[in-house]
Amino acid sequence: MQRIGVFVCWCGSNIAATVDVQAVSDALAKEPGVVYSTNYQYMCSEAGQNMIKNAIKEYNLTGVVVCSCSPRMHEATFRKTVAAAGLNPYMLEVANIREQCSWIHKDKEAGTEKAIVLGRTAIAKVQLNAPLQAGESPVVKRALVIGGGIAGIQTALDIAEAGFDVDIVEKNPTIGGKMTQIDKTFPTLDCAACILTPKMVDCAQNEKIHIYSYSEVESVKGFVGNFTVSIKKKARYVDENKCTGCGECTTKCPMKNVPNEFNLGMDNRRAIYIPFAQAVPKVATIDPNYCNMLKNGKCGLCAKVCGAGAIDYKQQDQIVEEKYGAIVVATGYNPIKLDKFDEFGYSLSKDVITSLEFERLTNAAGPTSGTLLRPSDGKHPHTIVFVQCVGSRDTSGCGKPYCSKICCMYTAKHAMLTREKYPDTDVYVFYIDVRSPGKNYDEFYRRAVEQYGVHYIKGMVGKVAPRADGKIMVQASDLLADEQLHIEADLVVLAAAIEPDKSARPLATMLTASMDTNDFFTEAHAKLRPVESPTAGIFLSGACQGPKDIPDTVSQASAAAAKVIGLLVKDKLTTNPCVAQSNEMMCNGCSSCERVCPYGAITYVDKEFRMPDRTTRVRRVASVNPAVCQGCGACTVACPSGAMDLKGFSNSQIMAEVDAICQMK
Amino acid sequence: MNNEMMKEQVIRMSGVNPLKCMRCGKCSGTCPSYDEMEYHPHQFVYMVEKGEIDKLMASPSIYKCLSCFACVERCPRDVEPAKLVEAIRLMVVRQQGQNHLKANEIPALLDNDLPQQALVTAFRKYTK
Ligand SMILES: Cc1cc2nc3c(=O)[nH]c(=O)nc-3n(C[C@H](O)[C@H](O)[C@H](O)COP(=O)(O)OP(=O)(O)OC[C@H]3O[C@@H](n4cnc5c(N)ncnc54)[C@H](O)[C@@H]3O)c2cc1C
Ligand code: SF4
Ligand code: SF4
Ligand code: SF4
Ligand code: SF4
């Protein structure tokens, strides 16, 4: 029988207001094995922790139960406390009487009764606790960043700066992400390329950074400190090491009508292409969907013109396997498709465009060389209507329920820049709310109104109808004037909602990292751990975690890097000793546990066993790798013979807890 | 019936929760009958929320709505303003002698182009 001490916390009034803490410590004092029971205002305070340490010594305690907040909050704290007093840290149990009791009950009598039951349950478990020893696992001193937008670039640069190797896996032929497509950036209006391309070049030149461009993550195995990742380098049919990026091939290729994704299909590229002049790596890529040579073996012109002999039509996808200590997800976002919004006429007219297309139409490297012209007839637009919140804040099922956060600001930017460059243009912005919190953000938006004379109208556009004469009829409400407006526009710009990249969901499954219902990666704690995933060793950077502009993205990217560096400087990690273990006498080698283990921690060994009749028999039994097992317990439920058990959460401990809950008093 | 009771009834009949409205005005931006109406779709939503049912019942707007459901189709928050217009119209026509269309008025209104279905619809909308 253990000698157990019980410590009931008031948590100020958080617990004490709805739970009679004195009654709880009195009741629990009568439980079998309890030799000491008390309550105190703040158990986690230094004074509270000293009470625990002193009691352990004075009463020779062998087990401790703290009735307090969730173990997620302070289990680690109290484990350290009992260890400091010489007890094995796993002889501590926390009964959660705050989140699971005082915070959710109003009636003090019922709350008190439930707190007693929760305390009794923890006591029943501690009776069966055994000392556990944490193991150690080595840390691979290399990080992987998935996604090479500004988020991934900043994270990689910061990790490299600290002296660690870091690889970037980018699915496109070049790194840079959406920021490469943006012209100028709010709130300071510096040119995106001028501030981004030096960072891209830094990545390419930094010897600590390796870029896998045109590559994707195929599979992820392992655990924090020790991931094994397969990376697929897609065939680009050009030898990266030989190509000098001269671009000769991209001017000679006869396939001239390939929609250019960099300019969002508003102009064409060739079948062999370099996305844009400052691409990193600056290497050509052949698009197999359009290349004549790859499709039917006729052509081969690029190989003839390439002085470097870099073209290789026989190149195959290649799989590379690498080990990493930490993984950062930086997969970013995309604007949503607008096919569910017929009322805005996006598919009906070339002159109804998205905001990202607008960026390309004003960019010197864009399809119009930076002159704002209508895509349909190349004429200068005189009346432009911007529509905010297209598909954002939409609970009807067509769009996204959240605010996309960046569109109010970039729309103000677009409106302002248009008025500056083309003062003869009438610019309307339809808004529901203008959301401009942030340093110098509201000032920026007000400048658009006050200095540049942009017409901001509170109300939503209800209908966009292209007319035969090329004008676009915009019907909208002006809520403040209580009017319905009919505007003859030349160009309509839709601020489309943004959503996570479609590849994020399968990636999250590979990483066992959690996501919210909108497919944004979830952080470990919304306030206190915003750059870590709840899965150890997985970190989050940029818009893949939620809509973000560049300043927010870069802050988060550097924060994620700091967390990664904090992990990689360690030589060893202590492992969680609460891992699974099979009882070989009961295991029948059925493979059920191996199939459910999400971490691949279970293998089978053939072992000799002595039978009762003194013969030996070889049996196949499960064996758990304690360094890989995360203690999720899936195998213990799957095992049909009850052979699998979790240390610290054994079947008998769980049953003892259930019995304690069901016990009538 | 006072306004508060009528509000409850309108909400029950329509199944609309006016608190879902984020006041974007898309319904009124889309409404083809806007200029004919004294109160516009978004105002129906707001006025029901405030409980100003008597004003809405007295307004000719309830007969100007075409029941085209454009506002229902396009509302980003699924508020369904036209259902409120309909509920308020019903509040009126269900009262004694408040039918907006009487059978003996029909012959004078008929012309060759009027589809039969429009008649049926009008009866459904404007009479008990
Ligand atoms: C029209 C418009 C204008 C804007 N203007 C401004 C502005 O003026 N100022 C400002 O601060 N912000 C602006 N923004 C916001 C800005 O674009 C974002 O804040 C920024 O791009 C986010 O960076 P990111 O790296 O998180 O995502 P991204 O830029 O989307 O980068 C993600 C990268 O990851 C890659 N990737 C995705 N999935 C995978 C995968 N599975 N494997 C490998 N690689 C993958 C993608 O190819 C991409 O390269 C604007 C946005 C839009 C739409
Ligand atoms: S493949 Fe050859 S021709 Fe094309 S850019 Fe590279 S070096 Fe130049
Ligand atoms: S940022 Fe502005 S435009 Fe974008 S969804 Fe939010 S409120 Fe609408
Ligand atoms: S469209 Fe919907 S959310 Fe917008 S004002 Fe009308 S009822 Fe309200
Ligand atoms: S249903 Fe009525 S209120 Fe709604 S858009 Fe049509 S005419 Fe306007």
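Letters go in sequence order (proteins before strands), and every chain restarts at 1.
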* B:C27 side, atom SG; A:M460 side, atom CE - distance, nearest 0.5 Å ->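 Atom-to-atom, B:C27:SG and A:M460:CE are 11.5 Å apart.
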
* Asked: Can you tell me how far SG of B:C24 sits from CD of A:Q388, rounded to the nearest 0.5 angstrom?
  ->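 Output value for this atom pair is 12.5 Å.
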
Does atom [atom1] ([X]) have a neighbourhood of more than 12 heavy atoms from anything else shown, all under 6.0 Å?
{"X": "A:E450", "atom1": "CD", "answer": "yes"}
{"X": "B:N112", "atom1": "CG", "answer": "no"}
{"X": "A:K106", "atom1": "NZ", "answer": "no"}
{"X": "A:K471", "atom1": "NZ", "answer": "yes"}
{"X": "A:K337", "atom1": "NZ", "answer": "no"}
{"X": "B:K64", "atom1": "NZ", "answer": "no"}
{"X": "B:K128", "atom1": "NZ", "answer": "yes"}
{"X": "B:K55", "atom1": "NZ", "answer": "no"}

Quick one: does any side-chain atom of [X] pair with a main-chain N or O of [Y] as donor and acceptor, under 3.5 Å?
{"X": "B:S28", "Y": "A:S477", "value": "no"}
{"X": "A:Q484", "Y": "B:D35", "value": "no"}
{"X": "B:Y34", "Y": "A:E483", "value": "yes"}

* Which atoms of A:D342 approach chain B - backbone, side chain, both or neither, heavy atom under 4.5 Å ->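 Interface part for A:D342: neither.
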
* So which of A:V461, A:L479, A:L485, A:D482 has the biggest tally of heavy-atom pairs under 4.5 Å with chain B? ->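 Winner by heavy-atom pair count: A:D482.
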
* Asked: Which residues, numbered in order, of residues 72-94 of chain B come under 4.5 angstrom of chain A by heavy-atom distance?
  ->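 Listed by number, the contacting residues are B:R74, B:C75, B:P76, B:R77, B:D78.
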
